Amino acid sequence: MAGPEIKAPAFREYPTIPVMQPGSMAGLKPFVANDKVQEALGFPTQLAENWQDTHDAVIAKMGELLGKYRSLKVYMDACVHCGACTDKCHYFIGTQDPKNMPVARQDLMRSVYRRYFTPAGKLFPALVGARDLTREVLDEWYTYYHQCSECRRCSVFCPYGIDTAEVTMAGRELLASVGYGQKYSNEIIGKVHKIGNNLGLPGPALENTLEGLMEDVKEDTGIDIQYPLDVQGAEVLLVTPSADFFAEPHIESLIGYGKVFHAAGISWTMSSKASEAGNFGMFIGNYDQLRKIAMRVREAALELGVKRIVVGECGHAWRVAYSFWNTLTGVGAGASDPFAIQLQSQLDHRYKQPSHICEFTWDLIQRGAISFDKEANDHRIITFHDSCNVARGSRMGDAPGGQFEIPRSIIHAVANKYVEMRPGTTHEQTFCCGGGGGVLTDDLMELRVKGALPRMETIKQVVDGQGVNFLATICAICKAQFSKVLPFYGFKSSMIGGVHQLVSTAIRLGDK
Amino acid sequence: MNLFFALMFYVATALFVVGLVRKIVDFARTPAPLLIPTTPAPTTTGGVVLRMAREVVMFESLFKSNLWIWIFAAMFHVGFALVTMRHLRYFPEPVWTWVVLVQPFGLYAGLVMAAGLAGLWARRFLVERIRYISTFSDHLMLALLLLIAVSGLGMKFLVHTDIVAVKTFFLGLMMFDIQPLPDHAGLHVHLFCVALLLIVFPFSKLLHAPGIFFSPSRNQADNPREVRHLAPWAAKLEAKN
Ligand code: SF4
Ligand code: SF4
């Protein structure tokens, strides 16, 4: 567990760029995956006995990745060291470790790339900052590629769009492929393959949980609201992060989804096979894992015969669903394998496939199919935290930027008091919660606390200035991270919640 | 001397062209398996062209991130572009009209370019974070460009050279007929550095110039639900199950 000795950095009076403290985070590494965890994913269990073997394997793999990913290749070559990204990473701001500057994080790999893959680095290594791959370098990769939340904020500001998240993913992929995987992410992926979700909740436990939830909601509202599992022929398959099944405050949003379906009279189901929207395959940069996890959703959709696939509140899950599912599984259009064709003919293409739960709810609101008592949310003064993967890696609705407008429109439809945080820290320039991208683990608590600093500063402004007491997000990781980290900065952890928690409070049930 | 420069320019041009073409082909051939535009992103190809144009012409992202770097970078790049256009007069005979028209601008542009370079270099010393990330080659690159600018300006404002002879040299070079080059130290430095720039271009961070056009976070349209995007190596995985 995180020791009480972790202290949040002090709020800065003005958000100036911090001075560097080289090496300040050099000692923080997440736990390494053990043999069992690695084996379950088909990765080597340990680094090779002989360093030379590991060295050669890394370089070979790096060559392979450079040939498979244009992003990596172009990003390795194109950086001019202009420094525009240096002050954009929340982990640099919070930790002051210069290796957490995006360009420095890339350079950890670029230096090796230059040495082995470019004429300049082969001939004049010292001149161009090229270096041999050593065990120390590999350890450094392990350390700093697990101090990046793959949030893409740096890529917004780079003149060439260089996305450090892509480099981090490649770094983790390289590490895992030579037996140096991260315990947290790889263990979770193993659970998805074995059981169906990140939390390792088996079908029967899920059923119990949902039954209990139904009773709770009945007690609360007096209405029988269904939280169905594995219902054949339902209209909608809802795929949601497994944290929604029992973590606080996630479950409040799940309650909200159920109320929306109930009020709109649309039949829906969840699936015990696809009981996880999250896809940590992206975090470790492994296409195979990404694809295998995504396939579970396609299989479930086919088995249940649903017409629509809707994704619950989860940031990276929405990026994967929106941006990658069609590529990975052919859920939307254009795929030619028999299963994809079957799925496409089964799905109702008047709706976008997949849809985000916010798109779904907003559509119902616009059509007048659900209505609200906005006053029910009057005890809340709300602000909205844009989650990285939704903001910078996906879209909602028809026009660019819908991912910002739609959740805000929903909040305006269900509540009266809303405040924006400081411009430059919202929309595509949003600051990460500090826990995304596979670092939401207790062994990285120090990083999570420090990395939250810039976001916490903007929260403090609206708390002190406008009395904000509710921080709405649409991401399971943001919710978990904020619950843990808010108290370090003197806020109540109960101020964090989902957009559908607000919907849940205000929605009119029964009469409609 | 004439022969040395003639050879150097042949070699430099060859390396520049071959190196750059190889790199561009390499970029173009490497697949981008997933749609990763930094959103909000345009949803159509036309929109992508506009986004790219704004990046290339106005450095839109850089403008958002750091005004100082943007100012110096804009000074340098705009200056460099105009100076290059001005220098086109050394190659065709008669000189194209538009090249004649840019001549007066090209001159001031040289000064602006040098000032921009000086600003960019100063940042590498004065700003702690940028000092930290700078490699020796980053400094050398700026030194090279500044030397080109200063030696060029020197010939304009201090010790003139016989530009008619310089033109004769380059016209001859293009016809594989080596003509004498004026014996002028400033000119020699200038030409040597330019040839060096051509040589290092395809092997250095100057690849940012072609690179930006291939950057997936900027050149992809945001349309994953409408159009399926599948890399050849990923398509092979499909066949397996
Ligand atoms: S992706 Fe986010 S966490 Fe990673 S280097 Fe860029 S800004 Fe930092
Ligand atoms: S902004 Fe882009 S080009 Fe500039 S240093 Fe950062 S990664 Fe390199």
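Owing to the predicted nature of the structure, the values given are computational and were not obtained by experimental measurement. To find a chain, count down the sequence lines: A is the first, B the second, and so on, and within it residues start at 1.
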Spacing of [atom1] belonging to [X] relative to [atom2] belonging to [Y], to within rounding of 0.5 Å:
X: Cys82(A); Y: Phe59(B); atom1: SG; atom2: CZ; answer: 10.5 Å
X: Asp107(A); Y: Tyr132(B); atom1: CG; atom2: OH; answer: 9.0 Å
X: His229(B); Y: Phe324(A); atom1: NE2; atom2: CZ; answer: 9.5 Å
X: Arg225(B); Y: His349(A); atom1: CZ; atom2: NE2; answer: 12.5 Å
X: Glu226(B); Y: Gln353(A); atom1: CD; atom2: CD; answer: 11.5 Å
X: Ile17(A); Y: Glu128(B); atom1: CD1; atom2: CD; answer: 10.5 Å

Side chains of [X] and [Y], heavy atoms from C-beta outward: is any pair under 4.5 Å?
X: His81(A); Y: Ser134(B); answer: no
X: Lys73(A); Y: Phe214(B); answer: no
X: Met20(A); Y: Arg131(B); answer: no
X: Thr135(B); Y: Val128(A); answer: no
X: Ser61(B); Y: Phe157(A); answer: no
X: Ile130(B); Y: Met101(A); answer: no
X: Pro224(B); Y: Tyr322(A); answer: yes

Shortest non-hydrogen contact between [X] and [Y], atoms and distance:
X: Ile133(B); Y: Gly83(A); answer: CD1-CA, 3.8 Å
X: Glu428(A); Y: Lys64(B); answer: OE2-NZ, 4.5 Å
X: Ala120(A); Y: Phe203(B); answer: CB-O, 3.8 Å
X: Gly401(A); Y: Pro40(B); answer: N-CB, 3.6 Å
X: Ile212(B); Y: Pro159(A); answer: CD1-O, 3.5 Å
X: Ile36(B); Y: Arg152(A); answer: O-NH2, 2.6 Å

Side-chain donor-acceptor contact under 3.5 Å, Ser155(A) with Ser217(B): no
Between Arg70(A) and Thr30(B), does any side-chain donor sit less than 3.5 Å from a side-chain acceptor? no
Ignoring hydrogens and angles, tell me if any N or O in the side chain of Arg228(B) forms a donor-acceptor pair with the backbone of Asn326(A) under 3.5 Å. yes
Look only at the side chain of Thr327(A) and the backbone of Leu34(B), and say whether a donor-acceptor pair between them is shorter than 3.5 Å. no
More than 12 heavy atoms of other groups within 6.0 Å of Phe136(B) CZ: no
Please identify which of these residues, Thr43(B), Asp222(B), Thr39(B), meets the side-chain hydrogen bond (donor to acceptor under 3.5 Å, both in side chains) condition with Arg395(A). Asp222(B)
